[in-house]
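In what follows, chains carry the letters A, B, and so on, assigned in the order in which the sequence lines appear, proteins first and then strands, with residues in each chain numbered from 1. Just so it is clear, the structure is predicted and the values come from calculations on it, not from any experiment.
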There are 2 protein chains.
Amino acid sequence: MASFTEENYLKALYNLSNSHGEVSISDLAHSLAVSMPTANSMVKSLQKSDWVLYEKYKPVTLTPKGQKEAALIVRKHRLTEMFLVKKMGFGWEEVHEVAEQIEHIHAPKFFDRMDEMLGHPTIDPHGSPIPDNQGRMQEFSYTPLSTCKPGQTVQLTALTNSSTEFLEFLNSRKLALGTQLKILSREAYDQSLVVSYESHSQETLSEKVSERLLVRVLE
Amino acid sequence: MASFTEENYLKALYNLSNSHGEVSISDLAHSLAVSMPTANSMVKSLQKSDWVLYEKYKPVTLTPKGQKEAALIVRKHRLTEMFLVKKMGFGWEEVHEVAEQIEHIHAPKFFDRMDEMLGHPTIDPHGSPIPDNQGRMQEFSYTPLSTCKPGQTVQLTALTNSSTEFLEFLNSRKLALGTQLKILSREAYDQSLVVSYESHSQETLSEKVSERLLVRVLE
DNA sequence: CAAATTTGTTAGAATGATCTAACTTATTAC
DNA sequence: GTAATAAGTTAGATCATTCTAACAAATTTG
């Protein structure tokens, strides 16, 4: 069984994996706020327990066993976030820290019960998919708002960044998942978008914001 | 801030404290399933951080700081047990293991919200008092059923032991907190008691059981 | 109270997770 | 295609938590 620390490495590897499933030691170390030698030695030890594949000077890859373990940790994290929001009345900007701790609890029945109470949700409060209890995660193909065109109507479905600051910004603009946005125009100079939604007839979103908003194009 | 391990030592000290607030190294070690040298060295290190008072060859005592910290961990444990039973549908025999892990979560808002949703409970599902958010715990003076006399009517209010096996035994006899028992007789040979309650007109409880049942005498 | 037993301590070692300093390999930029 | 930079590794140390073996103090018991 993976230790608390090992679980954090597995989750980081899972989240950092590129399209080839590879993660550099450097990225891993930065993501976990540890030194490169620390990440290096932990990767060697994860290899011994068959969680990762690794060769000197090459990027790290999760084994199927490692992938499943990591996905199940992510599952616990996202189920917890959903539970905190839907059943305990927390805001989507408040749940990350707590979920970061609860994801390490070893108690299948606890998370199964959450899942049940929530009606087996497939996404978390930030629109990220929840892996199933076998560690399989469905792929969504959402579009960054930044790549959409004036005239399009879209629905906000997920975020690429869920930092407290960003979530609080979205709260201040009353932007929630599910909101339908009409793209009015794009400013050529800074790529900011002018959109309208609900009672907001004109709201400007910077490129920094619009590239973090994932949408489904409605028309 | 106390580490996960330190928190477990503080909690053990809190639970093992006798009327003078003292705990022997031996009891501490047994309770945590570690060797005596381990307990000894941890006690020395807890002393350095002002969690405990300690002198060579003397029993250990929690400082006020240590007592409060321990009580707040116990508070988190018992609130969690209550939440699992009342809000998530778990049985009282299923909640100890999970609460043992969740008690280490650092997230005041999470536990405050539980407390609120539960209506600020003062006892956990096994009748044990929940310390308040300042770490103060009210003292109840319950009587072990084993010391009661035939003819008395009592109400089951708490347990001195909450092992899964004992709780499952109580489930099998439909004995829940709040149940009113009438003591019919006592067997002189083994001190077992014959009681009646609800639809059970005659149930024999061994001394081992009756001394673990805490009651309030009604008449 | 002296012997036996229990309890507590010291010393020394192991493991997991981390660091810095120094060095090596790989990549990027002229 | 070298020189500079970035990325990765090794070596060696530290800290927390644990152990066993050996010894010492305190308590219990005949």
* Answer yes if the side chains of A:Glu100 and A:His96 hold a donor-acceptor pair under 3.5 Å, and no otherwise. => yes
* For the pair B:Arg78 and B:Glu103, find out whether any cationic side-chain nitrogen is under 4.0 Å from an anionic carboxylate oxygen. => no
* **Closest-nucleotide 5' rank along DNA chain D - winner of B:Ser45 and B:Pro37** => B:Ser45
* Are any of A:Ser3's side-chain N or O atoms less than 4.0 Å away from OP1 or OP2 of C:dA17? -> yes
* Asked: B:Ser41 near the nucleic acid: base, sugar-phosphate alone, or nothing, with a heavy-atom cut-off under 4.0 Å?
  -> base
* Would you kindly give the CZ-to-P distance between B:Phe4 and D:dC15, to the nearest whole Å? => 24 Å
* **Phosphate contact (D:dT18 OP1 or OP2) by B:Tyr9 side-chain N/O below 4.0 Å** => yes
* May I ask you to verify if any side-chain N or O of B:Lys58 is less than 4.0 angstrom from the OP1 or OP2 atom of C:dT7? => no
* Atom CG of B:Asp27 to atom P of C:dG8: distance rounded to whole Å? -> 8 Å
* Structure fact -> From NZ of B:Lys56 across to P of D:dA25 the rounded distance in Å is 8 Å
* Asked: For B:Glu55 and D:dA25, what is the distance between atoms CD and P respectively, to the nearest whole Å?
  -> 16 Å
* Asked: NZ of A:Lys44 versus P of D:dG8: gap in Å, rounded?
  -> 13 Å
* Asked: Rounded to the Å, how far apart are A:Met36 CE and D:dT10 P?
  -> 13 Å
* **Sugar-phosphate only, base, or nothing, as touched by A:Ser26 at under 4.0 Å among non-hydrogen atoms** => sugar-phosphate
* Measure from CD on B:Glu22 to P on C:dG8 and round the result to the nearest Å. => 12 Å
* **B:Glu81 side chain to B:His126 side chain, donor-acceptor N/O pair below 3.5 angstrom** => yes
* A:Thr5 near the nucleic acid: base, sugar-phosphate alone, or nothing, with a heavy-atom cut-off under 4.0 Å? -> sugar-phosphate
* Asked: Between B:His77 and B:Asp124, do the side chains contain an N or O donor and an N or O acceptor separated by less than 3.5 Å?
  -> no
* To do: Give B:Ser35 one of three labels, base, sugar-phosphate or nothing, depending on what nucleic acid heavy atoms sit under 4.0 Å from its own.
  => base
* C:dC19 phosphate, OP1 or OP2, under 4.0 Å from A:Thr38 side-chain N/O -> yes
* Expressed in angstrom and rounded to an integer, what is the separation of A:Ile25 atom CD1 from C:dT24 atom C1'? -> 15 Å
* First locate atom CG of A:Leu156, then atom CG of A:Leu214, and finally report the distance between them rounded to the nearest 0.5 Å. => 8.0 Å
